[in-house]
Number of protein chains: 2
Amino acid sequence: MTTTQRPMRADARRNYERLLAAAGAAFAEQGTEASLEDVARAAEVGIGTLYRHFPTRRALLEAVLHDGVVTLDVRARELLESDSPEEALLEWMRHLVVHTTAYRGLAATLMSSIRDPGSELYVSCQTMRSSSARLLAAAQRAGAIRHDVTDADLIKLVNAIAWAGEHGDDDAERLLGLMMDGLRVRYERS
Amino acid sequence: MTTTQRPMRADARRNYERLLAAAGAAFAEQGTEASLEDVARAAEVGIGTLYRHFPTRRALLEAVLHDGVVTLDVRARELLESDSPEEALLEWMRHLVVHTTAYRGLAATLMSSIRDPGSELYVSCQTMRSSSARLLAAAQRAGAIRHDVTDADLIKLVNAIAWAGEHGDDDAERLLGLMMDGLRVRYERS
DNA sequence: ACCTGAACACCGTTCAAGT
DNA sequence: ACCTGAACACCGTTCAAGT
């Protein structure tokens, strides 16, 4: 499926880069629903050029997030080597929450993209999901995490916490801590 | 602050009721971002009439939700009499999640309204918040729930779970269970 | 091959005219 | 006092004309 990329014409490449930078700034400041006309204006490019390079808002978002997703993937592989699968899982969830909190509205977009193979963010979502699944399985094998927790649960909870973090000014770390305690294997009283 | 309501003119009252019914149906089907023009059309009323009765989308939402909020408030008072404050709190959270899940997008609206005294939903949010606070305090006094959990945490978690329930087709009950386990007082291993 | 922006569509909101 | 819908504003998206 990996199509060989023709080199872009110089002006096209320049416009592409300008759009990417402008979009990154706009999404960071105004959230993932930032006006695309504003983005084109900031990039000093016609709105048609934006649509030529990025046919949908999600395609633009995917390009903006791509490096971060790659970094996360690298981090996941490192964490899989950890001595403490439980600590590794918590650390992974922290990373996911930080990544998701970077742009207001991102949690909602990711949440719908994970169920939609037509979304340009679907591949990224699946990458993160499979990393989550492997880290979760390791923590469960180590006896740290309940066996009835699924990777779908994990994704939902992480996104839900990132979403909650968008509202209110305190950090999501505290909610993540409470959440994590709910996932742990517990010894019943009595 | 309770201003004496003049009786509405018969045609105004009729339009008000039609708008309320149409909005309830539209919000239930398309979420809280349903088109207000559609609502007016469904109510067979001019768009200007909608704005006259409900100056903002939130004012309309408040009117639609009002009965439900009153019912929840009654339920909270009953639950405060429960023998098991822990079970009462869980039951209360279930009610909140069900209420919030009724309209797609409601969790997000409530989450921003609770911090915004200018929102027409502010009073409802505060009512639910104080009920949550009392039920939480009771469960904490009974030794069932961690003392570091605040009512703000509780509200955020309930809304986050309702939000997650909007995406994906499984019910939120399962996530609520995991969440609740995170809030419980736990006996450390060793 | 790529860029541009006018044109179209859609929707929220206001307000002058009407009863 | 209340209703109406045309008018305005705003933004996403397409596409004919241009280089």
Side-chain angles (χ1 to χ4, degrees), chain A residues 3-23 25-27 29-64 103-105 108-109 112 118-121, chain B residues 3-23 25-27 29-64 103-105 108-109 112 118-121:
Chain A
T3 56
T4 331
Q5 291 284 358
R6 290 182 168 258
M8 269 192 241
R9 218 169 67 179
D11 57 340
R13 153 121 259 131
R14 183 174 151 283
N15 284 340
Y16 181 94
E17 301 294 353
R18 293 181 69 102
L19 281 166
L20 212 52
F27 290 158
E29 283 161 32
Q30 306 161 44
T32 58
E33 299 303 313
S35 156
L36 294 184
E37 283 188 332
D38 281 358
V39 170
R41 226 184 327 267
E44 292 177 308
V45 144
I47 183 68
T49 303
L50 184 151
Y51 278 95
R52 159 167 272 263
H53 286 293
F54 308 100
T56 67
R57 178 184 296 272
R58 283 193 312 263
L60 182 51
L61 236 193
E62 198 284 327
V64 166
Y103 307 95
R104 183 161 36 88
T109 309
S112 29
S119 168
E120 291 85 348
L121 287 162
Chain B
T3 56
T4 331
Q5 292 284 356
R6 289 184 169 255
M8 269 192 244
R9 216 168 70 180
D11 58 340
R13 153 122 260 131
R14 182 172 152 283
N15 284 339
Y16 182 94
E17 301 295 353
R18 292 181 71 101
L19 281 165
L20 213 54
F27 290 157
E29 282 161 32
Q30 309 162 43
T32 59
E33 299 304 312
S35 157
L36 295 184
E37 283 188 332
D38 281 359
V39 171
R41 226 183 327 267
E44 293 179 306
V45 143
I47 183 68
T49 302
L50 185 152
Y51 278 94
R52 157 167 272 262
H53 286 293
F54 307 101
T56 68
R57 178 183 295 274
R58 284 192 312 264
L60 182 51
L61 237 192
E62 199 282 328
V64 167
Y103 306 95
R104 184 160 35 88
T109 308
S112 28
S119 168
E120 291 83 349
L121 287 162

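Side chains are part of it too, since the values below use all heavy atoms of this structure and drop only hydrogens, waters and symmetry mates. Chain letters run A, B, ... following the sequence lines, proteins first, then strands; residues in each count from 1.
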For [N], which nucleotide is its Watson-Crick or G-U wobble mate, given both distances must be under 3.5 Å?
| N | value |
| --- | --- |
| D:dA17 | none |
| D:dC8 | C:dG12 |
| D:dC3 | none |

Check: protein-nucleotides 17-19 of chain C nitrogen or oxygen pairs below 3.5 Å:
none

Starting at atom [atom1] of [X], determine the distance to atom [atom2] of [N], rounded to an integer number of angstrom.
| X | N | atom1 | atom2 | value |
| --- | --- | --- | --- | --- |
| A:Leu36 | D:dC11 | CG | C1' | 9 Å |
| B:Arg14 | D:dC3 | CZ | P | 10 Å |
| A:Asp38 | D:dC10 | CG | C1' | 11 Å |
| B:Tyr16 | D:dA1 | OH | C1' | 17 Å |
| B:Arg57 | C:dC11 | CZ | P | 11 Å |
| A:Phe54 | C:dC2 | CZ | P | 13 Å |
| B:Arg58 | C:dT13 | CZ | C1' | 15 Å |
| B:Tyr51 | C:dT13 | OH | P | 3 Å |

Salt-bridge test for A:Arg14 and A:Asp11: reply yes if a basic N is under 4.0 Å from a carboxylate O, no otherwise.
no
Any idea which heavy atoms bring A:Leu61 and A:Leu121 closest together, and the distance?
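In this case the closest contact between A:Leu61 and A:Leu121 is CD1-CD1, 4.0 Å.
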If I compare all heavy atoms of A:Gly118 with all of A:Arg58, which pair ends up nearest, and what's the gap?
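In terms of heavy atoms, the two residues are closest at O-NH2, 4.4 Å.
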How many angstroms lie between [atom1] in [X] and [atom2] in [Y], if you round to the nearest 0.5 Å?
| X | Y | atom1 | atom2 | answer |
| --- | --- | --- | --- | --- |
| A:Leu50 | A:Arg41 | CG | CZ | 11.5 Å |
| A:Thr32 | A:Leu60 | OG1 | CG | 11.0 Å |
| A:Phe27 | A:Arg104 | CZ | CZ | 12.0 Å |

Phosphate-side-chain proximity, A:Ser35 and D:dC10, N/O vs OP1/OP2 below 4.0 Å
no
Ignoring backbone atoms, establish whether B:His53 has a side-chain N or O less than 4.0 Å from OP1 or OP2 of D:dC2.
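Looking at the OP1 and OP2 atoms of D:dC2, neither is under 4.0 Å from any side-chain N or O of B:His53.
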Run A:Glu17 and A:Arg13 through salt bridge (charged side-chain N to carboxylate O under 4.0 Å, His left out) and show every step you take.
CA-CA 6 Å; A:Glu17 301 294 353; A:Arg13 153 121 259 131; 3.0 Å; yes
Considering only nitrogen or oxygen atoms on both sides, find all protein atoms under 3.5 Å from nucleotides 4-8 of chain C and state each distance.
{"from": "C:dT4", "atom 1": "OP2", "to": "A:Gly46", "atom 2": "N", "distance (Å)": "2.9"}
{"from": "C:dT4", "atom 1": "OP2", "to": "A:Thr49", "atom 2": "OG1", "distance (Å)": "2.8"}

Is there a donor-acceptor pair under 3.5 Å between the side chain of A:Arg57 and the backbone N or O of A:Ala34?
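Checked: pair present.
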Going by side-chain hydrogen bond (donor to acceptor under 3.5 Å, both in side chains), name the pairs with one or both residues in residues 46-56 of chain B, residues two or more places apart or in two chains.
B:Thr56-B:Glu120
